[in-house]
2 protein chains.
Amino acid sequence: MANQPGSFTSETLAKAMDTNPVVIRRIMAGLRDLGYVRSEKGHGGGWTLACDLSKVTLRDVYIALGRPTLLAMGNRTEAPGCLVEQAVNAALDQAFGDAEALLLARFGEVTLAMLGDDLRKRLGSRKLQGMSTHHA
Amino acid sequence: MANQPGSFTSETLAKAMDTNPVVIRRIMAGLRDLGYVRSEKGHGGGWTLACDLSKVTLRDVYIALGRPTLLAMGNRTEAPGCLVEQAVNAALDQAFGDAEALLLARFGEVTLAMLGDDLRKRLGSRKLQGMSTHHA
DNA sequence: CATCATGCAACATATAAAGTTACATGAAAC
DNA sequence: GTTTCATGTAACTTTATATGTTGCATGATG
């Protein structure tokens, strides 16, 4: 979006990412609520960037998207009655917490501007090779 | 299992964990293949421990169980055509790798003997309170 | 040889993520 | 004003995955 002026409709974005407009709206809603993008209805409406890309990190995006689960395992239940589960939780809670904290810290080190710069480099070499323009 | 002598049938274990005997067999199969437990068919058969619990860590168990996914996110595709995805992967691959390594290292610090000791403590206080004996 | 237990393949169920449809709301063009 | 276009949102459907289940073969014991 930063590489092209103007606003983008959910439908345009959906086509670029090979998905559905409603899925785009669902995801963008979180970003809009935190002010990273703006949405306009009606003619000429759509989505526009509304933040300094060098100030917003992947951590901010992660939070805007509702802090989805980072770890595939971890406590199944907060206060398990099973004593074995309690013992395992006691032994690993710290580890899971540390792993999450590590990931969040790293997310915080990556700004959208950095991703944009890297993407532009990749776009440059793409033009020389004629690759697809689709996103995932 | 370490707290009680003899062998345990899949059915017994399944009842204790409120699941199905076949599920028990599926999980135990990985542990058996690495020699941590033994299985016997027929009369008086079932599962027995076959390892030094102070030598086997949760990391060993994790590997025996087929290294199931640890992180809920991460690269969806190894070599994505999407350049945005490529840029994000490049920025976060190291972070995901480090988080996994951290978890594995911590798993490696916890032996089954430690869990057993902790469990026995918990069982002790349980008897004073009359809690359930079920596992999860 | 009857019984009991694991081994394993095939099928069924449950859950969550992603995708889809339908319609309401609001903004711009005519 | 009313037609068109775009988002907002709820409800539903599809898909993928993990878990649970059934059925039967294999082997060991009494």
Side-chain angles (χ1 to χ4, degrees), chain A residues 1 4-50 61-62 64-77 80 82 85 134-136, chain B residues 1 4-50 61-62 64-77 80 82 85 134-136:
Chain A
M1 287 176 71
Q4 225 173 325
S7 64
F8 299 79
T9 68
S10 303
E11 196 173 339
T12 304
L13 294 173
K15 268 177 190 155
M17 304 191 195
D18 195 34
T19 182
N20 194 284
V22 179
V23 175
I24 298 291
R25 290 187 195 115
R26 273 210 284 250
I27 293 173
M28 298 293 266
L31 299 173
R32 181 198 54 216
D33 292 347
L34 289 197
Y36 302 139
V37 297
R38 240 193 305 275
S39 65
E40 301 286 350
K41 290 181 174 180
H43 269 285
W47 300 92
T48 48
L49 292 178
V61 173
Y62 169 76
L65 264 44
R67 296 174 176 271
T69 311
L70 287 176
L71 303 183
M73 6 190 53
N75 297 358
R76 313 197 131 192
T77 45
C82 167
E85 192 176 352
H134 270 288
H135 309 307
Chain B
M1 287 176 71
Q4 224 173 327
S7 65
F8 299 79
T9 67
S10 304
E11 197 173 339
T12 303
L13 294 173
K15 267 176 191 156
M17 304 191 194
D18 195 33
T19 183
N20 194 285
V22 179
V23 175
I24 298 292
R25 290 188 193 115
R26 273 211 284 252
I27 293 172
M28 298 292 266
L31 298 173
R32 181 199 52 215
D33 292 347
L34 289 197
Y36 302 138
V37 297
R38 240 193 305 276
S39 64
E40 302 287 350
K41 292 182 173 179
H43 269 285
W47 300 91
T48 48
L49 291 178
V61 173
Y62 168 76
L65 262 44
R67 297 175 175 272
T69 311
L70 286 175
L71 304 182
M73 5 190 54
N75 298 358
R76 311 198 133 191
T77 44
C82 168
E85 192 176 352
H134 269 288
H135 309 308

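All values derive from a computational prediction rather than experimental measurement. In the text below, chain A, chain B and the rest are named by the order of the sequence lines, each starting its count at 1.
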Worksheet item: Among C:dG19, D:dT9, D:dT29, which is the nearest nucleotide to the side chain of B:His43?
Response: D:dT29

Worksheet entry | Rounded interatomic separation in angstrom, taking CD1 from A:Ile24 and C1' from D:dA6 | 14 Å

Practice prompt. For A:Ser39 and for A:Gly42, locate the closest nucleotide of DNA chain D by heavy-atom distance; then report the residue assigned to the nucleotide nearer the 5' terminus.
Written response: A:Gly42

Practice prompt. Hey, could you give me the CG/OG distance between B:Asp33 and B:Ser39, rounded to the nearest 0.5 Å?
Written response: 9.0 Å

Discussion item. Could you tell me how far apart A:Trp47 (CH2) and D:dC5 (C1') are, to the nearest whole angstrom?
Written reply: 15 Å

Practice prompt. For the pair A:Tyr62 (side chain) and A:Pro68 (backbone), establish whether a donor and an acceptor sit closer than 3.5 Å, ignoring hydrogens and angles.
Written response: yes

Fill in: Point-to-point distance, once rounded to the nearest 0.5 Å, from CG of A:Asn20 to CZ of A:Arg25
8.5 Å

Practice prompt. Write down the distance between CE (A:Met73) and P (D:dA18), rounded to a whole number of angstrom.
Written response: 11 Å

Fill in: B:Met28 CE to C:dT6 P, straight-line distance once rounded to whole Å
9 Å

Item to complete: Identify whether any heavy atom of B:Gly46 sits under 4.0 Å from a base atom; if not, whether one sits that close to sugar-phosphate; answer base, sugar-phosphate or nothing.
Response: sugar-phosphate

Worksheet, complete the sentence: B:Glu11 CD to C:dA5 P, in whole Å, measures 7 Å

Practice prompt. In whole angstrom, give the distance that lies between atom CE of A:Met17 and atom P of C:dG19.
Written response: 12 Å

Worksheet item: Cut-off 3.5 Å, side chains only: do A:Arg38 and A:Thr48 have a donor facing an acceptor?
Response: no

Practice prompt. Between C:dG7, C:dA22, D:dT22, spot the one nearest the side chain of B:Lys41, thanks.
Written response: C:dG7

Practice prompt. Measure from CZ on A:Arg38 to P on D:dA6 and round the result to the nearest Å.
Written response: 19 Å

Worksheet entry | Side chain of B:Arg26 - closest among C:dA10, D:dA10, D:dC5 | C:dA10

Item to complete: Could you check how far CG of A:Asn20 sits from C1' of D:dG8, rounded to whole Å?
Response: 14 Å

Practice prompt. Please tell me which of the listed nucleotides, C:dT20, C:dG7, D:dG20, lies nearest to the side chain of B:Arg25?
Written response: C:dG7

Discussion item. D:dT7, OP1 or OP2 - any side-chain N/O from A:Ser10 closer than 4.0 Å?
Written reply: yes

Item to complete: Please check the phosphate of C:dA5 (OP1 and OP2 only) for any side-chain N or O of B:Thr9 closer than 4.0 Å.
Response: no

Discussion item. Quiz question: by atom type and distance under 3.5 Å, do the side chains of B:Trp47 and B:Thr9 form a donor-acceptor pair?
Written reply: no

Worksheet item: Is a donor-acceptor contact shorter than 3.5 angstrom present between the side chain of A:Arg32 and the base of D:dG8?
Response: no

